[in-house]
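The sequence lines fix the lettering, A, B, ..., with proteins before strands; numbering per chain opens at 1.
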Amino acid sequence: MEVFKNGKNFAIAIRNVKGTDFQKRVWSEICKIEIGNVLTYQDIARNIGQPKSARAVANACGKNPYLEIIPCHRVIRSDGKLGGYSGKGGVERKKELLKSEGLKFNNDLKLILN
DNA sequence: CTTGGGCGGTAAA
DNA sequence: TTTACCGCCCAAG
C-alpha cells in the first residue's frame with residue numbers, strides 16, 4: 001500500500017493501485033507539490049534519483065489514474081512552458097488550474113516567476 | 001525561433 | 001523480444 005499526500009495535507013491511502021513501481025514513485029512525488037508551487041518534469045526525475053528520466057516522468061503523468069487527487073497539472077517543462085495535459089480541457093484547463101492557484105503566465109504560456 | 005540527437009519507461013506487436 | 005510512441009531536454013544555428 002502506498003500513501004500519498006496532496007497539498008492540503010490529506011493523507012490518502014491507495015490500495016491495489018494499478019501501475020508500475022516507477023509510476024508510483026513519480027505519482028507520490030507529485031503529491032508532495034503544494035498549492036501554488038510547481039516542479040518541472042526534470043525536477044521529479046531528479047527527486048526519484050533518475051535525472052535522465054524526465055521524458056519517462058511525463059509518460060507517467062499522462063497515465064495518472066487519480067486526476068482528482070494527484071496534481072499532475074503542477075508539473076511543467078524546464079523552460080517554463082506548460083507542457084501537456086491529458087485531462088479534460090487539455091493545456092487550457094491546466095493553465096486555468098494553475099492560475100486559480102495564484103500563478104501567472106505570459107502570452108506564450110510561459111510561467112512568470114516572482 | 002527551429003532542428004536534430006539523445007533520452008527512459010510502457011504498451012502493443 | 002523488438003518497436004513505436006511520448007505531457008522532455010539540451011545544444012547549435
If the cut-off is 4.0 Å, is [X] near the phosphate of [N], judged by side-chain N/O to OP1 or OP2?
X: A:K52; N: C:dC8; answer: no
X: A:S78; N: C:dC10; answer: yes
X: A:Q42; N: B:dC7; answer: no

Can you measure [X] atom [atom1] to [N] atom [atom2] for me and round it to whole angstrom units?
X: A:Y41; N: B:dG6; atom1: OH; atom2: P; value: 24 Å
X: A:K88; N: C:dG7; atom1: NZ; atom2: C1'; value: 19 Å
X: A:D79; N: C:dC9; atom1: CG; atom2: P; value: 7 Å
X: A:D21; N: B:dG9; atom1: CG; atom2: C1'; value: 12 Å

Contact class for [X] vs. all strands (heavy atom < 4.0 Å): base, sugar-phosphate, or nothing?
X: A:V57; result: nothing
X: A:F22; result: sugar-phosphate
X: A:D43; result: nothing

Side chain of [X] only, heavy atoms from C-beta on: which candidate in [options] is closest?
X: A:K94; options: C:dC9, C:dG7, B:dC1; value: C:dG7
X: A:K63; options: B:dG9, B:dA11, C:dC9; value: B:dA11
X: A:A58; options: B:dG8, C:dC8, C:dC9; value: C:dC8
X: A:S53; options: B:dA11, B:dG6, B:dG9; value: B:dG9
X: A:Q23; options: C:dG7, C:dC10, B:dA11; value: B:dA11
X: A:Q50; options: B:dG9, C:dC8, C:dC10; value: B:dG9

Checklist entry - Taking a pair as Watson-Crick or G-U wobble with both distances under 3.5 Å, which nucleotide is matched to B:dA11? => result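 Per the H-bond distance test, C:dT3.
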
Checklist entry - Could A:E34 and A:R74 be called an ion pair, given the rule that one side-chain N must be under 4.0 Å from one carboxylate O? => result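 Looking at A:E34 and A:R74, the cut-off is not met.
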
Next on the checklist: Salt bridge or not between A:R77 and A:D79? Use side-chain N to carboxylate O under 4.0 Å.
Outcome noted: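 A:D79 and A:R77: salt-bridged.
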
Tell me whether [X] contacts the main-chain N or O of [Y] through its side chain, where contact means a donor paired with an acceptor under 3.5 Å.
X: A:S53; Y: A:A56; value: no
X: A:W27; Y: A:A60; value: yes
X: A:K94; Y: A:S86; value: no

Item to check | Heavy-atom donor-acceptor pair, A:R55 side-chain to B:dG6 base, under 3.5 Å | outcome: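 Yes, a donor-acceptor pair under 3.5 Å.
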
Next on the checklist: With hydrogens left out and only the distance checked, is there a donor-acceptor pair under 3.5 Å joining A:Y85's side chain and the base of C:dG7?
Outcome noted: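 By the distance-only test, no, there is no pair.
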
